[in-house]
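We count ligands from 1, going down the list as the structure has it; atoms in each ligand are counted the same way. These figures come from a predicted structure and were not determined experimentally.
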Amino acid sequence: MSQLLIKHCAAILTGDKQQPRSSARDIRIRDGLIAEMGELDTITDEIVIDARDCVVYPGWVNTHHHLFQSLLKGEPQGLNLSLGGWLAATPYRFRGAFDEQTFRIAARVGLVELVRSGCTTIADHHYLYWPDMPFDGAAILFDEADKLGVRFVLCRGGATQSRGLESDLPTALRPESFDSMMADVDRLVARYHQPHDSAMRRIVMAPTTTLHSTTPHELRESARLARQLGIRLHSHLSETVDYLDAARAKFGMTPLQFCAEHDWIGDDVWFAHLVKLLPEEIAMLGAAGSGIAHCPQSNARLGSGIADLVAMELAGVKISIGVDGAASNEAADMQSETHAAWQLQRARKGMLAQPRYAGGTFEGGGDAASIEDVVRWGTSGGAQVLGLNTGRLAPGMAADIAVYRLDDPRYFGLHDLAIGPVASGGRASLKALICAGKVLMQDDVITGVDLSELGRDAAQAVKTLQQRAAV
Ligand SMILES: [Zn+2]
């Protein structure tokens with residue numbers, strides 16, 4: 001494998017907590033790893049990437065997504081609804097409309113969108129499963145991720161329970177049997193799962209929701225099987241107040257207590273959302289070393305609220321960032337997501353400010369999260385949640401690196417270039433994007449991807465889905 005040298009970086013954010021900035025100007029990459037950082041001389045036959053005026057971050061790690069939703073953006077029936085209504089109006093109404101071709105285009109749109117934001121690791125919570133599935137979604141997802149050269153973590157979702165009578169449901173909403181679901185997890189692990197920490201492919205046990213998707217007994221059994229297979233556990237939790245009501249009504253406890261009772265807690269578990277956690281749940285989650293995939297744009301779009309990352313991090317919860325499916329955010333890329341995370345944590349704290357005469361102790365939330373915090377959450381935080389040797393720029397780490405060129409006027413006038421990609425939002429163009437030492441993008445172009453053609457394919461696929469869902 002040829003050697004790469006990224007030279008003359010204007011600024012580097014490392015994703016590290018202790019040393020969030022590096023004074024290095026050059027980064028040498030060898031055999032998929034960062035070999036050296038500092039002032040480095042070019043070696044013969046080394047490919048040099050000129051990063052003059054560029055800002056360098058670790059490749060983003062997106063820890064929660066539903067790629068099939070990339071063709072359901074701005075769907076009018078669900079646009080102004082909260083989670084429960086939106087689920088029925090948009091993702092569930094359309095799920096049976098997908099076939100192999102539309103699913104592949106959806107996956108491609110979502111993956112390309114992420115890569116163009118500097119993302120190199122993607123965990124997709126894939127839950128389009130029903131009995132006698134007509135296509136193998138997992139194979140398509142791994143294939144599309146492979147073509148782009150990113151790391152891909154398939155969180156195998158699905159359900160064995162349904163709320164309605166099974167025979168009344170359309171095929172695409174019918175549940176699987178627990179045995180067939182677990183047999184598929186076994187198959188996927190044997191075929192794709194790489195246990196080592198520089199994995200390009202991983203499988204995760206991920207029933208769609210812990211409260212509703214399986215019976216309590218099956219939930220405990222799924223945790224046991226996951227640990228037997230050596231894979232991690234992921235699910236949705238406490239996205240809205242409905243989780244608190246449902247857990248109390250069905251089980252007489254809090255949502256997280258229910259998970260803990262069924263072995264769905266620990267340092268191998270991470271949950272998406274966690275918007276409505278009680279203080280005792282935050283303490284419990286932190287003590288267990290579990291993680292969150294924070295999805296601020298989706299939580300804002302659905303009006304669910306803003307997760308309290310600051311309290312969670314203090315309690316020891318591992319913090320990561322996920323874009324969630326594009327049916328609930330319209331922009332499933334890591335630059336807009338981290339920009340939202342930065343602003344919303346500050347807004348959240350500001351909402352809690354009280355006048356001093358009423359006992360208030362602070363004016364606002366300007367100190368709630370720094371850009372360095374957000375970059376760490378979106379890079380090394382995600383890698384920690386997934387158990388990968390990525391997300392941090394230091395010798396010995398995987399060479400997953402985004403080199404941003406701040407050539408759009410929205411970045412002009414910055415006093416500190418390093419914060420531009422997150423603080424100014426938008427989409428900074430990529431001088432280069434590197435994953436496992438391979439160049440995926442150069443001068444803002446993904447080799448082999450025709451964006452105009454992808455746009456036409458997406459528009460056609462949206463029409464097809466609309467026709468099928470209208471029947
Ligand atoms: Zn989700």
So, are Glu453 and Arg456 salt-bridged, with charged N and O less than 4.0 Å apart? no
Using the Zn ion (ligand 1) as the vertex, how large is the angle between NE2 of His64 and NE2 of His236, rounded to 10 degrees? 90°
Closer than 2.8 Å to the Zn ion (ligand 1), do we get an N, O or S atom from His125, backbone or side chain? no
From the Zn ion (ligand 1) out to just under 2.8 Å, does an N/O/S atom of Asp324 turn up? yes
Under the side-chain contact (heavy atoms from CB on, under 4.5 Å) rule, what do Glu337 and Trp60 come out as? Steps first, then yes or no, please. CA-CA 11 Å; Glu337 199 70 48; Trp60 296 113; over 6 Å; no
Using a distance threshold of 2.8 Å, state whether an N, O or S atom of His66 lies below it from the Zn ion (ligand 1). yes
Under-4.0 Å salt bridge between Asp457 and Arg104: no
Salt bridge Arg224-Asp263, side-chain N to carboxylate O under 4.0 Å: no
